[in-house]
> 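A single structure is presented below for examination.
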Amino acid sequence: MSWYWGKKMIKVRIAPSPTGYLHVGTARTAIFNWLLARNQKGKFVLRIEDTDIKRSSQEMTQSIIDSLKWMGLNWDEGPILQCDRLENYKKNAEALIKTKLCDFCYCTEEDLKPRKQAALAEKKSWKCNRPCLSLPSDERQKWIMRPAAVRFFTESDGKVSFMDKLHGELTKDLHDIEDFVLMKSDGTPSYNFACVVDDHEMGITHILRGEDHISNTFKQIIIYKAFGWEPPVFIHVPMILGADRSKLSKRHGAVSVLEYRDKGILPETLVNFLALLGWSPGGDREVLSMEELISEFSLDKLGVTGSIFDYQKLEWMNGEHINRLSDDELLERIKNFSKLPTRILYSGESELRFNNHINSPASQDFSSTLLSEDDEYNKKVIALLKPRMKTLLDMESYFFVEPTEYDEKGAGKYLTQEGKQRLELLKTRLSELTEFSVENIEAVIRAIAGELGIGAGLLIHPLRLALTGKTVGPSLFHLVEVLGKERVMQRIEKTMEWIKPS
RNA sequence: GCCCCUAUCGUCUAGCGGUUAGGACACUACUCUUUCAAGGUAAAAACACGGGUUCAACUCCCGUUGGGGGCGCCA
């Protein structure tokens, strides 16, 4: 047992199962646990629940580790793999069998299935009522060579209850809890059993997890009691919901942490955003740094109602975090982002915007459309674009590669014969500038407009189109300055060629 | 069907017996402006319902209704 300033040291864990990418729901649970540990100067443990051998994979374990690391959720112990602890569960199960609170169960899935379906058909709740145990001993003897599971015998009278830090005392009739499996017949422990054994042996003091686990907690309390172990403190936090208020899943949009990384969301944004789903520091504060989250975090500010994942608010918050970064820092982030070795393949519709960089987001190398070799140039672009950026993907590619096409509507309006003449004039006069500065550029353009007796817009629009291919973007004068004389001349030339002669 | 949890603007939330019910996202208008954003200003928007308790309920209690979750040799 560890102590800190006379208080029992808090030890928490996150226990994902490597059957898929790290889900934002699991990530949020990890964030709460991590914040609690860091705030209380406790320990944060990473445990991989890989006992479902068929569905678990090493790749997923790695991607979960990558996700956690990306978010900056560092752990003090682990990763501990449950599959490395199989002997341990076996040993504990054997000890428990001696108490007669559980025993081998020879029923197979095929044995149980018809009973289960019958119960369902009668609209009764399903309960495994020990069919193989009610068999005469000679009959049971015949099954003894079958691979057996270990099943716990739940009392039919009485209640189980535990104190939840958020919900208060939670109680359930033992009658409503079925005889559940402790050890599967393949020798691996069931979730509830492994969880209790591990949490106890690792000295976990607080279990903070989603409220979809409440029904598991009742079973786990029963196991703690059977062993005579002291249960930890339980905190069941509400779930993250999709737009239709059901459990957030793939069909609602992006659900894995890495997907957000790959869409240009900053890790501090995702942590900030997720932390605010079901928790609030109180008052009006919303955009918080990791340090602020740690110092503000407290269990009694947790909420009890489920919350919908709002992609739009995530984007807004990402813009806020991007704008809190210095230009140098942002450049670093974009560099790392453009060099991400693997991007996970997305399925389904994305709720997050994609800009012109991607059509097929999988395994694409953005380095050439996000940045140039010249960091001085990159920084100028960043300074110009930063205030309007929502994601890292908002670096406009036209700063780095020539536009290959022009906005159709805009071109129809401005890239006309008249527009061509104006571009010609623009090109000549701009080329005469010795100092290619915002002030000079603006002065030249306004002067031409005056000479021609037209609004400056009639020069600005065709020029923007020529330079970027788009009708919208940052301040044109700044744009021209950042692109530089060489690119500007080249692109005007190219556009003039593009405009068909009359 | 059984069991468990839950209820403040469309969304995330603040509120912890007495408030003009506050903020943020989104939305709308205005402003700024070469465009689109950003910024600024403003507007609109909520205590699910019914009973109690109390001098006083969004706040406490009980129901109803609504929502969510669980009911695997998945985790």
Side-chain angles (χ1 to χ4, degrees), chain A residues 15-19 26 49-52 54-56 82 105 107-109 112-113 116 119-128 147-151 164 166-167 170-173 175-178 180-186 188-192 194-195 210-218 236 238-239 241 243-247 273 276-287 301 303-317 319 323 385-390 394 410 442 445-446 449 455-461 463-465 470-477:
Chain A
S17 81
T19 53
T26 316
E49 310 223 319
D50 56 351
T51 57
D52 185 345
K54 286 195 197 87
R55 294 199 302 147
S56 297
Q82 288 188 320
C105 172
C107 300
T108 61
E109 205 186 328
L112 261 23
K113 213 174 180 175
K116 203 181 279 185
L120 216 68
E122 287 177 56
K123 294 194 188 284
K124 279 192 202 154
S125 66
W126 153 250
K127 215 178 150 167
C128 174
V150 177
R151 202 177 275 277
D164 182 282
L166 279 184
H167 303 284
L170 265 25
T171 306
K172 193 164 187 171
D173 285 337
H175 173 80
D176 292 321
I177 300 172
E178 76 280 9
F180 53 94
V181 167
L182 262 24
M183 294 290 289
K184 295 176 272 182
S185 55
D186 66 357
T188 61
S190 73
Y191 164 71
N192 283 309
C195 201
E211 64 181 16
D212 48 336
H213 280 288
I214 289 178
S215 55
N216 284 320
T217 303
F218 290 114
H236 290 97
M239 322 201 51
L241 279 19
D244 61 356
R245 301 211 82 90
S246 68
K247 199 173 177 176
F273 180 78
L276 254 33
L277 251 35
W279 175 80
S280 156
D284 296 337
R285 304 186 65 196
E286 286 200 295
V287 182
K301 294 274 180 57
V304 285
T305 60
S307 37
I308 293 174
F309 192 109
D310 183 351
Y311 295 87
Q312 278 187 314
K313 188 153 186 176
L314 175 72
E315 275 204 343
W316 163 79
M317 191 176 276
N323 277 284
L385 255 24
K386 192 164 77 168
R388 36 201 309 128
M389 285 177 75
K390 290 268 195 275
D394 285 337
E442 176 160 10
I445 292 175
R446 296 221 184 269
L458 289 176
L459 295 170
I460 289 167
H461 296 306
L463 185 52
R464 179 187 300 285
L465 233 14
K470 295 180 167 193
T471 57
V472 298
S475 156
L476 193 269
F477 309 126

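Residue numbers start from 1 in every chain, and the chains themselves are labelled A, B, ... in the order their sequence lines are given, proteins ahead of strands.
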> On a whole-Å scale, what distance lies between the C1' atoms belonging to B:G22 and B:C4?
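Each nucleotide's C1' atom is 34 Å from the other's.
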> Can you check whether A:His167's main-chain N or O pairs, donor with acceptor, with A:His236's side chain at less than 3.5 Å?
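Between the backbone of A:His167 and the side chain of A:His236 there is no qualifying donor-acceptor contact (under 3.5 Å).
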> Return the minimal non-hydrogen interatomic distance between A:Asp212 and A:Lys247, and the atom names on each side.
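Where A:Asp212 meets A:Lys247 most closely, the heavy atoms are OD2-NZ, 3.8 Å.
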> Determine the interatomic distance between P on B:U19 and the same-named atom on B:C58; round to the nearest Å.
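About 9 Å, rounded to a whole number of Å.
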> Please tabulate, one pair per line, each protein N/O and nucleotide N/O from nucleotides 32-36 of chain B that are separated by under 3.5 Å, including the distance.
{"residue": "B:U34", "atom": "OP1", "partner": "A:Arg446", "partner atom": "NH2", "Å": "2.9"}
{"residue": "B:U34", "atom": "O2'", "partner": "A:His461", "partner atom": "NE2", "Å": "3.2"}
{"residue": "B:U34", "atom": "O2", "partner": "A:Arg464", "partner atom": "NH2", "Å": "3.1"}
{"residue": "B:U34", "atom": "N3", "partner": "A:Leu476", "partner atom": "N", "Å": "3.3"}
{"residue": "B:U34", "atom": "O4", "partner": "A:Ser475", "partner atom": "OG", "Å": "2.9"}
{"residue": "B:U34", "atom": "O4", "partner": "A:Leu476", "partner atom": "N", "Å": "3.2"}
{"residue": "B:U35", "atom": "O2", "partner": "A:Gly473", "partner atom": "N", "Å": "2.9"}
{"residue": "B:U35", "atom": "O2", "partner": "A:Gly473", "partner atom": "O", "Å": "3.2"}
{"residue": "B:U35", "atom": "N3", "partner": "A:Arg464", "partner atom": "NH2", "Å": "3.1"}
{"residue": "B:U35", "atom": "N3", "partner": "A:Gly473", "partner atom": "O", "Å": "2.6"}
{"residue": "B:U35", "atom": "O4", "partner": "A:Ser475", "partner atom": "N", "Å": "3.4"}
{"residue": "B:C36", "atom": "O2", "partner": "A:Arg388", "partner atom": "NH1", "Å": "3.3"}
{"residue": "B:C36", "atom": "O2", "partner": "A:Arg388", "partner atom": "NH2", "Å": "2.0"}
{"residue": "B:C36", "atom": "N3", "partner": "A:Arg388", "partner atom": "NH1", "Å": "3.1"}
{"residue": "B:C36", "atom": "N3", "partner": "A:Arg388", "partner atom": "NH2", "Å": "3.4"}
{"residue": "B:C36", "atom": "N3", "partner": "A:Gly473", "partner atom": "O", "Å": "3.4"}

> Does a distance-only test, which skips hydrogens and angles, find a donor-acceptor pair under 3.5 Å between the side chain of A:Asn216 and the base of B:A75?
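Answer is yes: a donor-acceptor pair is held.
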> Side chain of A:Leu277, heavy atoms from C-beta onward: which of B:C71, B:A14, B:C12 has the nearest atom to it?
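Output: B:C12.
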> Scan A:Glu286 against the nucleic acid and name what it touches under 4.0 Å (heavy atoms): base, sugar-phosphate only, or nothing.
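If one applies the 4.0 Å heavy-atom cut-off, A:Glu286 turns out to touch a base.
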> When rounded to the nearest 0.5 angstrom, what distance separates CG in A:Asp310 from CG in A:Leu276?
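Between atom CG of A:Asp310 and atom CG of A:Leu276 there are 12.0 Å.
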> Would you indicate which nucleotide in B:G70, B:C74, B:A26 comes nearest to any side-chain atom of A:Gln312?
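My answer, after comparing the listed nucleotides, is B:A26.
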> Counting only Watson-Crick pairs (N1-N3 plus N6-O4 or O6-N4) and G-U wobbles (N1-O2, O6-N3), all under 3.5 Å, who is the partner of B:C2?
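Paired with B:C2, as far as the under-3.5 Å criterion goes, is B:G70.
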> Compare side-chain N and O positions of A:Thr305 against OP1 and OP2 of B:G68 and report whether any pair is under 4.0 Å apart.
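Result: no.
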> Toward the 5' end of RNA chain B, which comes first, A:Gly283 or A:Lys172, by nearest nucleotide?
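This one resolves to A:Lys172.
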> Ignoring hydrogens and geometry, is there a side-chain-to-backbone donor-acceptor pair from A:Lys184 to A:Thr51 under 3.5 Å?
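A pair under 3.5 Å: yes.
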> Please work out if A:Thr171 contacts a base, only the sugar-phosphate, or nothing of the nucleic acid, heavy-atom cut-off 4.0 Å.
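Answer is sugar-phosphate: A:Thr171 comes under 4.0 Å of backbone atoms only.
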> Between B:U11 and B:G67, how far is it from one C1' atom to the other, in whole Å?
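After rounding to an integer number of Å, I get 15 Å for this pair.
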> Checking base pairs now: Watson-Crick or wobble, both atom distances under 3.5 Å. What partners B:U28?
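B:A42 - that is the nucleotide pairing with B:U28, both distances being under 3.5 Å.
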> Paired with B:C58 by Watson-Crick or G-U wobble geometry, both distances under 3.5 Å: which nucleotide is it?
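The answer is none; no pair meets the criterion.
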> When you measure from the side-chain N and O atoms of A:Lys386 to the phosphate of B:G39, is any distance below 4.0 Å, counting only OP1 and OP2?
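No, outside the criterion.
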> Please confirm whether the shortest side-chain N or O distance from A:His167 to OP1 or OP2 of B:U6 is below 4.0 Å.
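So the side chain of A:His167 is within the cut-off, an N or O lying under 4.0 Å from OP1 or OP2 of B:U6.
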> Between B:G67, B:C74, B:U13, spot the one nearest the side chain of A:Arg245, thanks.
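So the side chain of A:Arg245 is nearest to B:G67.
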> Nearest to the A:Lys390 side chain among B:U13, B:A38, B:G70, which nucleotide is it?
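Of the candidates, B:A38 comes closest.
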> Taking OH from A:Tyr311 and P from B:U11, how many angstroms apart are they, rounded to a whole number?
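Rounded to the whole Å, the gap is 16 Å.
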> A:Val304 side chain: which of B:A7, B:A26, B:C71 is closest?
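It is B:A7.
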> With a 3.5 Å limit on both atom pairs, tell me what B:G17 is paired to, counting Watson-Crick and G-U wobble, or say none.
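B:G17 is paired with nothing.
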> In the strands shown, is B:U65 matched to any nucleotide by a Watson-Crick or G-U wobble pair with both distances under 3.5 Å, and which?
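Looking at the geometry, B:U65 pairs with B:A7.
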> Is there a donor-acceptor pair closer than 3.5 Å between any side-chain N or O of A:Asn192 and the backbone N or O of A:Leu182?
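No, A:Asn192 side chain to A:Leu182 backbone: no donor-acceptor pair under 3.5 Å.
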> Check every strand shown and say whether A:Ser307 touches a base, only sugar-phosphate, or nothing at a heavy-atom separation below 4.0 Å.
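Contact class for A:Ser307: sugar-phosphate only.
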> Provide, to the nearest angstrom, the distance between the CG atom belonging to A:Asp212 and the P atom belonging to B:G70.
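Computing the A:Asp212:CG to B:G70:P distance gives 6 Å.
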> Return the CD to CG distance between A:Glu211 and A:Asp164, rounded to the nearest 0.5 Å.
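If I round to the nearest 0.5 Å, the distance is 9.0 Å.
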> Just how far is it from atom CD of A:Glu315 to atom CG of A:Asp394, taken to the nearest 0.5 Å?
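The CD atom of A:Glu315 sits 7.5 Å away from the CG atom of A:Asp394.
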> Could you state the interatomic distance from CG (A:Leu476) to CG (A:Leu463), rounded to the nearest 0.5 Å?
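Reported to 0.5 Å precision, the distance equals 5.0 Å.
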> Taking for each residue the nucleotide of RNA chain B bearing the nearest heavy atom, is the 5' side occupied by A:Leu241 or by A:Arg285?
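Here A:Arg285 is the residue nearer the 5' end.
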> Counting side-chain heavy atoms from C-beta on, which of B:G69, B:G72, B:A26 comes nearest to A:Trp316?
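It is B:A26.
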> With sequence neighbours excluded, what pairs up with A:Asp186 under the salt bridge (Lys or Arg N to Asp or Glu O under 4.0 Å) test?
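In terms of salt bridge (Lys or Arg N to Asp or Glu O under 4.0 Å), with neighbours along the sequence ignored, A:Asp186 is linked to no residue.
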> Would you indicate what A:Gly278 reaches in the nucleic acid, counting non-hydrogen atoms under 4.0 angstrom: base, sugar-phosphate, or nothing?
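Sugar-phosphate: the residue A:Gly278, judged by heavy atoms under 4.0 Å, touches backbone atoms but no base.
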> Look at all strands and tell whether A:Leu170 reaches a base, only sugar-phosphate, or nothing, counting heavy atoms closer than 4.0 Å.
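Contact class for A:Leu170: sugar-phosphate only.
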> How many Å lie between CE on A:Met317 and P on B:A26, as a whole number?
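For the pair A:Met317 CE and B:A26 P, the rounded distance is 11 Å.
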> So which heavy atom on A:Thr26 is nearest to which on A:Pro16, and how close?
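For A:Thr26 and A:Pro16, the tightest heavy-atom pair comes out as CG2-CB, 4.2 Å.
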> So if I take every side-chain heavy atom of A:Asp284 and compare against B:G23, B:G69, B:A26, which nucleotide ends up nearest?
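The answer is B:G23.
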> Under 4.0 angstrom, heavy atoms only, what part of the nucleic acid is A:Lys54 near: base, sugar-phosphate, or nothing?
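Result for A:Lys54 = nothing.
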> Let's test your reading of the model: under 3.5 Å, does the base of B:A24 pair with the side chain of A:Lys313 as donor and acceptor?
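When only heavy-atom distances are counted, A:Lys313 does reach the base of B:A24 through a donor-acceptor pair under 3.5 Å.
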> Considering only the P atoms, how many Å lie between B:A43 and B:C62, rounded to the nearest integer?
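It comes out at 40 Å once rounded to the nearest Å.
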